[in-house]
2 protein chains.
Amino acid sequence: MKKKKKNENSSKIFLGHDHGVCFGDAITQIEDYFIKKKLQLTPLRRKVFEILIEDHKPLGAYEILEKLGKTGFSSSPPIAYRVLDFLIVHGFVHKVQGLNGFIACSNPNHSHFPTFVICRKCEKVAEVSEEKSGLKLPSPEISNFKIEKTTIELTGICSTCENAEIR
Amino acid sequence: MKKKKKNENSSKIFLGHDHGVCFGDAITQIEDYFIKKKLQLTPLRRKVFEILIEDHKPLGAYEILEKLGKTGFSSSPPIAYRVLDFLIVHGFVHKVQGLNGFIACSNPNHSHFPTFVICRKCEKVAEVSEEKSGLKLPSPEISNFKIEKTTIELTGICSTCENAEIR
DNA sequence: GTTAGTGTGTTATGTTATAACATGTAATGA
DNA sequence: TCATTACATGTTATAACATAACACACTAAC
Ligand SMILES: [Zn+2]
Ligand SMILES: [Zn+2]
Ligand SMILES: [Zn+2]
Ligand SMILES: [Zn+2]
């Protein structure tokens with residue numbers, strides 16, 4: 001039998017939240033991953049991840065630092081940038097270039113090339129998987145180029161905000 | 001003698017330069033566009049565009065400022081950022097987010113959603129059109145989101161650099 | 001118990017971008 | 001004619017984002 005599943009969601013990528021994992025799940029996932037990979041999920045790293053997963057929207061490094069400071073950690077810039085780099089390398093955080101912000105991955109624990117859909121008005125950001133976005137990358141052979149990392153960000157206006165616009 | 005067709009390059013997007021318009025052409029194109037749209041191609045705007053088209057690679061705002069300073073213009077930051085914004089709005093320049101750099105458009109004068117292919121080793125950057133990239137954006141209706149602007153950047157290693165790598 | 005690797009902290013600095021205000025010039029139109 | 005507007009450029013100061021370099025503690029390995 002054919003699956004219609006995919007298209008059900010794809011018609012409203014930007015509605016609701018496409019939060020594959022929610023708070024508890026996310027913490028469990030990162031714990032498991034760190035154990036499996038023999039990495040240290042230190043209090044600092046855990047805190048930074050919690051800050052990001054909490055309201056699951058992009059935060060600037062300095063916003064994160066402020067929150068860290070309030071919970072007893074150092075709030076000097078290298079602290080945040082180092083931990084963020086680490087979490088990015090291991091796929092639990094992405095950088096949203098267009099906002100100079102950092103966001104918890106919606107579907108971590110596997111390598112992927114996500115698309116970020118960003119409403120310029122309400123500033124909501126959705127992470128959309130390759131399948132759902134309908135976006136297909138060029139095959140490496142064709143482009144004669146080995147893709148290691150992608151930055152794909154679609155900025156515009158979500159239907160909610162568009163309907164609310166007067167112009 | 002026939003002219004080489006564009007798709008001859010499409011199997012090697014990243015080789016040679018995918019420079020749809022070269023220096024003279026580019027200047028002519030921007031002149032025509034500005035006249036048609038009744039915009040002022042002032043000496044400053046022209047100079048910034050010339051700087052970018054000259055070696056057609058991404059330059060930082062402060063690199064551009066330095067070059068401006070050497071030719072008698074002001075070299076205070078707002079000068080560059082304002083002109084760059086203007087040229088971006090009118091489609092003659094793109095920002096390469098991954099490099100905090102600005103690059104002259106390879107195929108200006110029409111609206112498009114280009115892909116930038118960036119070699120992390122030689123730092124060459126190619127602007128690839130939607131057709132050539134093989135990359136297809138989700139249709140607006142499907143995503144329930146009106147795309148106004150895209151940032152699509154593929155970072156990795158070009159075949160030339162890969163062949164030269166020891167590892 | 002020395003060494004190497006890792007994680008966090010600190011100070012200082014580098015890089016990228018914008019806010020706010022000032023001046024000049026040309027077109028518009030009471 | 002002379003205000004009004006629009007626009008282009010210039011200046012100063014500062015904001016926002018990011019990294020270099022060094023210090024110190026902890027642990028595991030040798
Ligand atoms: Zn993700
Ligand atoms: Zn919105
Ligand atoms: Zn272009
Ligand atoms: Zn290369």
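We name chains A, B, ... by the order of the sequence lines, and we start the count at 1 in each one.
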Problem - Validation row, ring centre A:H94 to ring centre A:F102 under 6.0 Å - result: no
Practice task
Please state how far atom CG in A:L65 lies from atom P in C:dT8, giving the value in whole angstrom units.
Solution key: 14 Å
Problem - Single-linkage hydrophobic cluster, 4.5 Å side-chain cutoff, B:V96 and A:I147 together - result: no
Practice task
May I have the distance from A:E66 (atom CD) to D:dC17 (atom P), rounded to whole angstrom?
Solution key: 12 Å
Exercise for the section: Using the rule that two of Ile, Leu, Val, Met, Phe, Trp, Tyr join whenever any of their side-chain heavy atoms come within less than 4.5 Å, decide whether B:I79 and B:L39 are in one cluster. Expected result: yes
Practice task
Decide if atom CD of A:E31 counts as having more than 12 heavy atoms of other residues, nucleotides or ligands within a radius under 6.0 Å.
Solution key: yes
Practice task
Take the protein atom CZ of A:R46 and the nucleotide atom P of C:dT8, then report the distance between them rounded to whole Å.
Solution key: 13 Å
Practice task
Indicate, with yes or no, if A:I152 and B:V128 share a hydrophobic cluster defined by side-chain heavy-atom contacts under 4.5 Å among Ile, Leu, Val, Met, Phe, Trp and Tyr.
Solution key: yes
Exercise for the section: Determine whether more than 12 heavy atoms belonging to other residues, nucleotides or ligands lie under 6.0 Å from atom CD of B:E123. Expected result: no
Practice task
To the nearest Å, give me how far apart CG (B:L44) and P (C:dG24) are.
Solution key: 18 Å
Handout entry: Nearest-angstrom distance from the residue atom CD of A:Q97 to C1' of C:dA17
Key = 15 Å
Practice task
Figure out the CD/C1' separation between B:E63 and C:dA17, and round it to whole Å.
Solution key: 15 Å
Problem - Residues in contact with DNA chain C, drawn from residues 33-42 of chain A - heavy-atom cutoff 4.0 Å - result: A:Q40, A:T42
Practice task
Could you tell me whether the phosphate oxygens of D:dT9, OP1 or OP2, come under 4.0 Å of any side-chain nitrogen or oxygen in B:K47?
Solution key: no
Practice task
Indicate whether OP1 or OP2 belonging to C:dA17 is found under 4.0 Å from a side-chain N or O atom of B:N100.
Solution key: yes
Problem - Sidechain-backbone polar pair: A:E148 side chain, B:T155 backbone, donor-acceptor under 3.5 Å - result: no
Problem - Nucleic acid contacts - residues 71-94 of chain A versus DNA chain C, non-hydrogen atoms under 4.0 Å - result: A:S74, A:S76, A:P78, A:I79, A:R82
Problem - A:F92/A:F86 aromatic ring centres below 6.0 Å - result: no
Problem - Atom-pair distance (CD1 on A:I64; C1' on D:dC17), nearest Å - result: 12 Å
Fill in the blank from the handout: Of all heavy-atom pairs linking A:C122 and A:C161, the shortest is CB-SG, 3.5 Å
